[in-house]
Amino acid sequence: MTRSVQGTGEPVLVLGATGMTGSRVARRLRERGLEVRSASRSSPWTFDWRDPSTWDRVLTGTRAVYVVQFDPQPLTPPFVERAVAHGLERIVLLSGRGVDDRDYFPEAFESDANFVPTHLVGEEAVRGSGLEWTILRPGWFSQNLSEGFLGQEVRSGRMRLPTGDGAATWIDAEDIAAVAVAALTEDGHHGRTYELSGSRALDLTEVAREISHGLGREVTHTPVTVEEFVSEHVARGWSEEEARDLASALSPIPRGKDTHVSPGVGEALGREPRFFEEFVRDAVDSGVWER
Ligand SMILES: NC(=O)c1ccc[n+]([C@@H]2O[C@H](COP(=O)([O-])OP(=O)(O)OC[C@H]3O[C@@H](n4cnc5c(N)ncnc54)[C@H](OP(=O)(O)O)[C@@H]3O)[C@@H](O)[C@H]2O)c1
């Protein structure tokens, strides 16, 4: 039995601390009175996945870590080894929905440099680490539509996506962070893999309608083909590779692979996931769609 993380005075290390989940994990840990070590390339604690010489400093003296993986390369296994060597006791890993389903991202299984193999070997390393571990497998984050790469589409008022009439069970990053913080600070989550989603599927037209309603101005969704999507993004300055990667990341939605509701929020927290409307209200209040 390890000592409870709560009250040890040792900081909890949060990777990806400027990102959609890491920033919320850090905030929620601080709200509980815990010391937090916020780490990423632009965080107070400099951490770069591509530079292993930055890893030891952030790990030193910590007991638990929230890991946001680096999708282009499978670097989680050596990081987990380092965490074990530093005497950490607990690890919570952010993975993703569908990483063990060959039909979810069929093309990703053909490639080594992709987030699917990264997540799979990351999960393996965590399960075999001997640490107390919890794995989170969320679907599409609602915050992709505000802070993430779809935020610009929403701000422009015209979402043009290769998603057809496909739907997703959008998960609020606040719920992911709440599960992560429970796993980092409480007992009962060791050895659990939580599949996380929101409580209902919304297609992009319904998403646009909900956002329009909350924002008080019209946001539309027009389905486009992958080729239209790629050429429109290239015209906006994206590389063709980036645009195709994004289209590929969206591809489970039109194929109907993202419509199921997963039970992880209820299993971990004993409550329902937040409603999509709550995400919209928070995003409107933050002004993220006005910038
Ligand atoms: N977005 C989704 O819907 C979704 C769904 C399922 C799973 N996931 C997974 O969640 C993870 C995070 O993706 P995200 O899109 O949501 O991004 P995010 O967490 O919002 O942002 C990425 C974070 O990683 C940090 N970062 C980027 N490059 C780094 C590097 N070389 N070294 C250290 N830190 C680095 C960034 O901070 P700095 O720029 O300061 O370094 C930022 O804090 C990915 O593994 C993704 O596969 C995402």
Side-chain angles (χ1 to χ4, degrees), residues 1-40 43-45 47 49 52 54-70 74-96 99 118-138 171 173-196 264-270:
M1 177 82 179
T2 56
R3 290 165 290 167
S4 163
V5 172
Q6 200 96 36
T8 62
E10 286 165 302
V12 178
L13 175 58
V14 176
L15 303 188
T18 56
M20 290 182 271
T21 64
S23 61
R24 290 173 168 83
V25 171
R27 190 199 76 227
R28 282 170 178 267
L29 289 167
R30 288 198 179 97
E31 285 169 0
R32 288 191 178 209
L34 291 165
E35 197 183 326
V36 176
R37 192 170 284 180
S38 291
S40 75
S43 288
W45 287 77
F47 171 83
W49 277 109
T54 63
W55 299 3
D56 287 314
R57 185 171 155 269
V58 299
L59 282 164
T60 301
T62 60
R63 187 190 300 276
V65 60
Y66 175 68
V67 176
V68 175
Q69 304 191 76
F70 183 60
L75 294 171
T76 304
F79 179 81
V80 171
E81 264 179 44
R82 214 66 86 77
V84 171
H86 276 271
L88 270 77
E89 292 178 354
R90 193 172 282 197
I91 186 163
V92 176
L93 181 80
L94 180 64
S95 180
V99 295
T118 295
H119 285 315
L120 278 177
V121 300
E123 289 193 0
E124 244 169 65
V126 163
R127 290 196 180 96
S129 65
L131 304 178
E132 290 192 337
W133 60 264
T134 307
I135 292 171
L136 314 184
R137 286 184 175 172
I171 171 90
E174 288 292 349
D175 281 338
I176 302 171
V179 174
V181 167
L184 285 164
T185 60
E186 297 165 7
D187 291 332
H189 303 285
H190 169 47
R192 301 298 305 267
T193 299
Y194 291 121
E195 307 271 348
L196 303 173
V265 173
E267 290 169 350
L269 303 176

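Scope of the values below: all heavy atoms of this structure, side chains included, with no hydrogens, waters or symmetry mates.
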**Asked** Out of curiosity, T118 OG1 to L75 CG, how far, rounded to the nearest 0.5 Å?
**Response** 7.5 Å
**Prompt:** Side chains of V80 and L93: closer than 4.5 Å at any heavy-atom pair?
**Reply:** no
**Fill in**
Taking every heavy atom of P138 against every heavy atom of S95, the minimum-distance pair comes out as CD-O, 3.5 Å
**Prompt:** Can you check side-chain contact (heavy atoms from CB on, under 4.5 Å) on D56 and R82, steps first, answer last?
**Reply:** CA-CA 7 Å; D56 287 314; R82 214 66 86 77; 3.1 Å; yes
**Message:** Any heavy-atom pair between the side chains of S40 and W45 that's under 4.5 Å?
**Reply:** no
**Prompt:** Is a side-chain N or O of T134 found less than 3.5 angstrom from the main chain of H189, in a donor-acceptor match?
**Reply:** yes
**Item:** A83: partners by side chain to side chain contact (heavy atoms under 4.5 Å, CB included), with sequence neighbours left out
**Value:** L59, L88
**Asked** Sequence neighbours excluded, which residues qualify as side chain to side chain donor-acceptor pair (under 3.5 Å) partners of T62?
**Response** none
**Request:** Mind checking side chain to side chain donor-acceptor pair (under 3.5 Å) for T193 and listing every partner two or more places apart, or none if nothing turns up?
**Result:** R127
**Message:** Let me confirm one number: the OH-CD1 distance from Y66 to I91, rounded to the nearest 0.5 Å.
**Reply:** 11.5 Å
**Request:** Sequence neighbours left out, what passes side chain to side chain donor-acceptor pair (under 3.5 Å) with S129? Give chain and number order.
**Result:** none
**Asked** Within a strict 4.5 Å, meaning less than it, do heavy atoms of the V12 and V65 side chains meet?
**Response** no
Could you pull out all donor-acceptor pairs under 3.5 Å where a side-chain atom in residues 174-184 meets a protein atom, sequence neighbours excluded?
residue: E174; atom: OE1; partner: R27; partner atom: NH2; Å: 3.0
residue: E174; atom: OE1; partner: R28; partner atom: NE; Å: 3.1
residue: E174; atom: OE1; partner: R28; partner atom: NH2; Å: 2.9
residue: E174; atom: OE2; partner: R24; partner atom: NE; Å: 3.1
residue: E174; atom: OE2; partner: R27; partner atom: NH1; Å: 3.0
residue: D175; atom: OD1; partner: R271; partner atom: NH1; Å: 2.9
residue: D175; atom: OD1; partner: R271; partner atom: NH2; Å: 2.9
residue: D175; atom: OD2; partner: R274; partner atom: N; Å: 2.7

**Request:** Provide the closest heavy-atom pair for G122 versus Q69 in the form atom of the first, atom of the second, distance.
**Result:** CA-OE1, 3.5 Å
**Complete:** Rounding to 0.5 Å, atoms CD1 (I135) and CD (E195) come to a distance of 10.0 Å
**Item:** CD-CZ distance between E267 and R192, expressed to the nearest 0.5 angstrom
**Value:** 5.0 Å
**Message:** Looking at every non-hydrogen atom in both residues, tell me the closest pair between A17 and S43 and how far apart they are.
**Reply:** CB-OG, 3.8 Å
**Asked** Looking at CG of L34 and CD of E10, how far apart are the two atoms once the value is rounded to the nearest 0.5 Å?
**Response** 11.5 Å
**Message:** Using the ring pair (Phe, Tyr, Trp, His ring centres under 6.0 Å) criterion, which residues pair with H86? Sequence neighbours excluded.
**Reply:** none
**Prompt:** Can you name the nearest heavy-atom pair linking S38 to R30, along with the distance?
**Reply:** OG-NH2, 3.1 Å
**Message:** Assess whether a salt bridge exists between E123 and R137, defined as any Lys/Arg side-chain N lying under 4.0 Å from an Asp/Glu carboxylate O.
**Reply:** yes
**Message:** Tell me the closest heavy-atom pair linking A39 and L13, and the distance in Å.
**Reply:** CB-CD1, 3.8 Å
**Prompt:** So do L131 and V126 actually touch side chain to side chain, heavy atoms under 4.5 Å?
**Reply:** no
**Request:** Decide if the gap between the ring center of F70 and the ring center of F47 is smaller than 6.0 angstrom.
**Result:** no
**Request:** Answer yes or no: is there a side-chain heavy-atom contact under 4.5 Å between V67 and F79?
**Result:** yes
**Prompt:** Would you call L15 and W49 a side-chain contact if the rule is heavy atoms closer than 4.5 Å?
**Reply:** yes
**Request:** Could you pull out the closest heavy-atom pair between G188 and Y194, with the gap in Å?
**Result:** O-OH, 4.2 Å
**Request:** Nearest 0.5 Å please: distance from the CD atom of E132 over to the CZ atom of R90.
**Result:** 4.5 Å
